[in-house]
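Single-structure report; data block below.
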Protein chains: 2
Amino acid sequence: MKNLQIQIEVSTELYCKNPDSSELGRKIISTSIEMINEMGFESFTFKKLGIAINSPESSIYRYFKNKQTLLIYLTSWYWTWTEYRLVLATTNVKSPAERLNKCIEIITQPVEVDDDISYVNEVLLSEIIFSESLKAYHTKNVEEKNKIGSFKSYKSVVQRVSDIVMEINPLFEYPHMLISTVIEGAHQQKYFAEHLPALTDKIKDKNAITTFYKELINQTLNIK
Amino acid sequence: MKNLQIQIEVSTELYCKNPDSSELGRKIISTSIEMINEMGFESFTFKKLGIAINSPESSIYRYFKNKQTLLIYLTSWYWTWTEYRLVLATTNVKSPAERLNKCIEIITQPVEVDDDISYVNEVLLSEIIFSESLKAYHTKNVEEKNKIGSFKSYKSVVQRVSDIVMEINPLFEYPHMLISTVIEGAHQQKYFAEHLPALTDKIKDKNAITTFYKELINQTLNIK
DNA sequence: CAAAAACGATAGTAATACTATTATATTTGT
DNA sequence: ACAAATATAATAGTATTACTATCGTTTTTG
């Protein structure tokens, strides 16, 4: 059941040629995920990627307009995949509070096991999302990118979890604010723990961040 | 009382030559604040700044090693200044809950009036902090920058507000997480409201974000 | 008023983020 | 099986960015 193959569809606006459609395309995705993880998004370039996969830079440009679009592609893939995970984890769970709890776990924790089937390493990809995804939408051309649907899958995840919040507390005025605060917060806190520990607290166990945001939500929505 | 001049001291590690010490230095600061606001940090370059202030690019490099360091200088200035504002707003307020409330207002709202005395336009600077400051520490060399004290003033603000949280609820385990979540969250929500509204909620009045985070904190700490 | 420091003007470099061209290899429709 | 279409490799080239270096002139300061 765990290993059934699902096909992640990414909006056609996010690539020139679908990387899923060829060997080279898949190599571009899998290798870029590894490289961005190792060197960070700024240091990563198409030239370096070309050398790593033994293809000229110009071939990569046939798949992606530029490296920002590649990052958006990756985040889009991640959030589409994550929405599947949310659906899977919440179907047949009656209690909305329990469903919300499950969702918070999924959105606040990096992925720990790769399914080993596709060319996308989900563990490394989730690391990228946690540490680099905000660079996908913190640019001068956000609105343009947003207009062509670049952030649709992320927004969809926020909407889905917000819907559960509204189910629990229909009078709560800021469900989207709450959920995007939790998602972005969880990413940041992990980053702080690794690089700027003074901005966060001693992480006793690896679930501390999830625990914190669960509590935050339960208190805010008066659950239990 | 409002207009008494305070001298903001920025760590000497953050500049080559103190921009506060010369006409050119002050022009670099005031003009870069305007330009970063207008065009965003990515589009801003020392070459463009040089043209704007009618000085060669190389003169700017005599003050700042590079544009990232300039951004860190600006954020450092802002947080040092903000800590003064926090002190001013909380001295002689006995109730810690009331002090915390005041602090949340200050850290979640952009500045609205400039003191018109110094060469630093605080209104524009706070806009930069809200929309661009995360770029100051989201780089490959964060730890190196952190080691030389680049983020000291930001950490100091987080610490100060966390101390109030601990005063209110000494058993609360995650005061720094809570406060940095609120600061970063407020910045992001403002950005979302402007560029990606689906990730936030209808902002009825301009204090909606502050209201949201005040409530979040009050609920989390069981205040009132 | 002499020495030091700051500034302006100009030039130059390596890296980045692309675009363009053309020959070769591979796929695919019939 | 083969011609046509498509994909890729190889190479070259451009504009911009992020600097560094040099040097003559002005300004400051002890």
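Labels below follow one simple rule: chain letters A, B, ... track the order of the sequence lines, proteins then strands, and each chain is numbered from 1.
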(message) Tell me the interatomic distance from B:L49, atom CG, to C:dG8, atom P, rounded to whole angstroms.
(response) 12 Å

(message) I need the CD-P distance between A:E57 and D:dA7, as an integer number of Å.
(response) 20 Å

(message) How about NZ on B:K152, more than 12 heavy atoms from neighbouring residues, nucleotides or ligands closer than 6.0 Å, or not?
(response) no

(message) So, OP1 or OP2 of D:dA9: does either fall under 4.0 Å of a side-chain N or O from A:S55?
(response) yes

(request) Quick one: pull up CE in A:M35 and CD1 in A:I53 and give me the separation to the nearest 0.5 Å. (result) 9.0 Å

(message) For A:K214, I'd like to know if atom NZ has over 12 heavy atoms of other residues, nucleotides or ligands within 6.0 Å.
(response) yes

(message) What verdict does the side-chain hydrogen bond (donor to acceptor under 3.5 Å, both in side chains) test give for A:T211 and B:Y174, after you've listed the backbone C-alpha separation in whole Å, the side-chain angles of each residue and the deciding distance to 0.1 Å?
(response) CA-CA 10 Å; A:T211 305; B:Y174 309 110; 5.2 Å; no

(request) Find the distance A:M39:CE to C:dT16:C1' and express it as a whole number of Å. (result) 14 Å

(request) Return the value, rounded to whole Å, for the distance between atom CD of B:E42 and atom P of C:dT16. (result) 17 Å

(request) Classify the angle between the aromatic ring planes of B:F130 and B:H187 as parallel (below 30°), tilted (30 to 60°) or perpendicular (above 60°). (result) tilted

(request) May I ask you to list the residues of residues 25-32 of chain A, by number, that have any heavy atom positioned under 4.0 Å from an atom of DNA chain C? (result) none

(message) Here's a test for you: under side chain to side chain contact (heavy atoms under 4.5 Å, CB included), which of A:T82, A:I107, A:L178, A:I104 qualifies with A:I183?
(response) A:I107

(message) In whole Å, I'd like the distance from the NZ atom of B:K47 to the P atom of C:dA9.
(response) 15 Å

(message) For D:dT8 and A:S22 - does any side-chain N or O of the residue sit under 4.0 Å from the phosphate oxygens OP1/OP2?
(response) yes

(request) Report yes or no: do B:S180 and A:Q188 form a side-chain donor-acceptor pair below 3.5 Å? (result) no

(message) Using five base pairs at each end to define the local axes, how bent is the helix from C:dC1-D:dG30 to C:dT30-D:dA1, to the nearest 10°?
(response) 30°

(request) Round to the nearest Å and state the distance from A:N18 atom CG to D:dT6 atom C1'. (result) 16 Å

(message) Taking atom NZ as the centre, does B:K47 end up with more than 12 heavy-atom neighbours from other residues, nucleotides or ligands that are less than 6.0 angstrom away?
(response) no

(message) For DNA chain D, which residues of residues 58-75 of chain B approach it to below 4.0 angstrom with any heavy atom?
(response) B:S58, B:Y61, B:K65, B:N66, B:K67

(request) Calculate the interatomic distance between B:E23 atom CD and D:dT28 atom C1'; express it in whole Å. (result) 15 Å

(message) Does B:K17 reach a base, just sugar-phosphate, or nothing at all? Heavy atoms under 4.0 Å.
(response) sugar-phosphate

(request) Check whether the ring centres of A:Y191 and B:H138 lie less than 6.0 Å apart, and answer yes or no. (result) yes

(message) If you count heavy atoms of other groups shown closer than 6.0 angstrom to CD of B:E194, is the number above 12?
(response) yes

(message) If you count every heavy atom of other residues, nucleotides or ligands that lies below 6.0 Å from B:E143 atom CD, does the total exceed 12?
(response) yes

(message) Whole angstroms only, please: what is the NZ-P distance between A:K48 and C:dC18?
(response) 15 Å

